[in-house]
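These notes are about the structure you will find just below.
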Amino acid sequence: MIPLAYISRIEESADGHLLVISSQGFIELDGTRVVPHPGLSDQLDLHPGTIVPSGNQLFHVFQDRKGTVWFGTAKVLRAA
């Protein structure tokens, strides 16, 4: 189940997973469960659900031909 959130973007990875950007940050769904990505919010300087946000937002997620997942935020474009 997707955590209660506003969804702003959905992409599909090469292996068929759904890559979802929401008001709660990044969510990956493999078809049966939410795939955890511990530390990703800190790595991207995102702090969803906090009273004082970092001023950074996640806008885009993209998987390149080599399988690297890229994240575009208001502050940085970074592979994870």
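Predicted, not measured: the structure shown is a model, and the values here were computed from it.
Residue A14 comes nearest to Q63 through the heavy atom pair N-OE1, 2.5 Å, listed as atom of the first residue, atom of the second, then distance.
Atom-to-atom distance recorded for H60:NE2 and L19:CG is 10.0 Å, nearest 0.5 angstrom. With values rounded to the nearest 0.5 angstrom, I27 atom CD1 is found 9.5 Å from I10 atom CD1. Between L40 atom CG and L58 atom CG the span is 7.5 Å, to the nearest 0.5 Å.
By the side chain to side chain contact (heavy atoms under 4.5 Å, CB included) test, L77 is found to be paired with W70, residues two or more places apart in sequence or in another chain being considered. Every ring pair (Phe, Tyr, Trp, His ring centres under 6.0 Å) that F26 has, sequence neighbours left out, goes to H37, F71.
Two residues are said to be in side-chain contact when any heavy atoms from C-beta on lie closer than 4.5 Å; L29 and V34 meet this criterion.
Sorted by first and then second residue, the pairs that involve residues 9-21 and meet salt bridge (charged side-chain N to carboxylate O under 4.0 Å, His left out), not counting sequence neighbours, are R9-E11.
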